[in-house]
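First comes the structure, then the notes that go with it.
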Amino acid sequence: MPQYLLSVWHDDTYELDFASPEAQRQMTQVGAFNDELQRSGAWVFASGLHPASSATVVRAAGGAVSMTDGPYAETKEQMGGFWVVQAADLDAALDLAGRAAAACERPVELRPMEGE
Amino acid sequence: MSDTLDAVFRREAGRCTATLIRLLGDIDLAEEAVAEAFAVAAAQWPTRGIPPNPGGWITTTARNRAIDRLRRESTRPERHLAAHRLQTNDMEPEPDPDPELEQLDAFVDVVADDQLRLMFLCCHPALGADAQVALTLRLLGGLDTGEIARAFLVPEQTMAQRIVRAKRKLRDNHAPYRIPRPAELPDRLQAVLAAVYLIYTEGHTATSGDTLTRVDLSAEAIRLARALAELMPDEPEAVGLLALMLLTEARRAARVDADGSMIRLADQDRTRWDQALIAEGHRLVRACLRRNQPGPFQIQAAIAAVHADAASAQATDWGQIVTLYDQLHAIRPDAVVALGRAVAVAELDGPTGGLAALAELDPDQLDTYQPYHAVRADLLARAGRHDEAITAYNRALELTTNPAERAFLTRQRQTAARTRRPRR
């Protein structure tokens, strides 16, 4: 069955305040969505990510490895989390993406995985 | 003979491609197969005559050629992969076509449902409107890339990339080849209808200075709408779209004057309207009304029908039009509808009434929307508020690129300037 990446996107005001009512509501919704994914067999893997400020970019050139503090993309939009799902086709995947976007109340990008 | 073959190609290409996509599971393979089959037809039919079922002949020949090619060029696992690259999730279960087992002399006819499947595939909401239109014209219309590019005034290379990218996206994302399920159907159908309507309104007649084929996209759009209405007789919106386009097309001869400038509806010579198209449009609108399942295209068609009914602009039943706009606005509360409604209200209640309707809209949101300023300017001028009218005309002109329209608005502004009272 084809696999798709669902990624969640935040703007730079992405600060995880777990205590806020919004965050609580979203976490409940995402939890319910994750349960559905596992029940239906669509779940492959998923996780939230720490904010972009926690990232490190590593480059390898001429046998040497260098590091830069911060995310690769110097944009205000950053990925906040992702799901890998399996779905029969694009329409099924879009249905999951719509429910994901509703659960986390943020835009979700759907990309097909290479392979099949 | 080549004229007749062109006519057959135009008529059958879309249907044959649609069926081949289902059989082969790949858009590119299907296109190549159909093209090959037409080449064979061009070689054989002049001497043998056109077969009684040309579409079925093309589809069968295309399928056979494709299987031959798959056998020659592929290893075994790749052959089966090619046949299943597009998932076929039909409502009715269908045996998987195994190219190995199919009798080469078994006749394959075009299937009406395949054309619908292809329409829904081309107009998939994951594609942008531009891509939907390009793909529809390519796969269903049988137009070549150059023809489509000229019709939309973009370079051929741009259009070619647009089409390639769209096909690749559908393939890489595993877009299903099926008629959407009932729950999804209303939205998916609206996307298809919107794409066909875009072809009608945005396409331009390609002018040929040489031997290039002249492509009339209005005719193409009407042909697609007729096919849709025939394939989905239980969908009144499909019928509504066809009615809207026929009633709009009926006014075509009266819409442009000898210099190529646009003539407003109010000023058109109605004796030049095509009564046969109007009659058909009316018949379809009545059929929609009987269904009593209104939708945006049906209501727009009804508005066009009220206009078509009026022997003159003065005789127009503006009350009926306002009522229809109210109905349309309830399901589609966007600026285009609101403006159309304001114009109708102005005809009924005078320019002050129209301006009151416009006042309900958010001017900040509409600041870059040219029609808002053009309509507002006209109503202000008619209401005697000439200074404000001139300001609005200026803003409209800032946003107008079309030369004929610029000339028109400039003349209107001049009239407003002449008519206003001199300042003390």
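All values below come from the heavy atoms of this structure, side chains included, with hydrogens, waters and symmetry mates left out. Naming convention: chains lettered A, B, ... in sequence-line order (proteins, then strands); numbering from 1 in each chain.
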By side-chain contact (heavy atoms from CB on, under 4.5 Å) - contacts of A225(B) (at least two apart): V196(B), L241(B), L242(B), M245(B)
side-chain contact (heavy atoms from CB on, under 4.5 Å), that's the test. Do D95(A) and E184(B) meet it? Break it down for me. CA-CA 10 Å; D95(A) 178 64; E184(B) 316 161 321; over 6 Å; no
Decide if atom CG of D69(A) counts as having more than 12 heavy atoms of other residues, nucleotides or ligands within a radius under 6.0 Å. no
Once you round to the nearest 0.5 Å, how far does NE2 of H124(B) lie from CG of L94(A)? 5.5 Å
Which atom names give the shortest non-hydrogen contact between P112(A) and D172(B), and what distance separates them? CB-O, 3.2 Å
Does CD belonging to Q293(B) count more than 12 external heavy atoms closer than 6.0 Å? yes
With side-chain contact (heavy atoms from CB on, under 4.5 Å) as the test, would you mind laying out the steps for N173(B) and R111(A) before giving the verdict? CA-CA 8 Å; N173(B) 274 277; R111(A) 287 252 287 253; over 6 Å; no
If you count every heavy atom of other residues, nucleotides or ligands that lies below 6.0 Å from R65(B) atom CZ, does the total exceed 12? no
Could you go step by step and tell me if R178(B) and D91(A) meet the salt bridge (charged side-chain N to carboxylate O under 4.0 Å, His left out) rule? CA-CA 10 Å; R178(B) 63 151 181 252; D91(A) 289 1; 3.3 Å; yes
So, using side-chain contact (heavy atoms from CB on, under 4.5 Å) as the criterion, who are the partners of Q298(B) when residues are at least two apart? P236(B), E237(B), C288(B)
So, taking the atom named NE2 in H174(B) and the one named CE in M1(A), what distance separates them when rounded to the nearest 0.5 Å? 11.5 Å
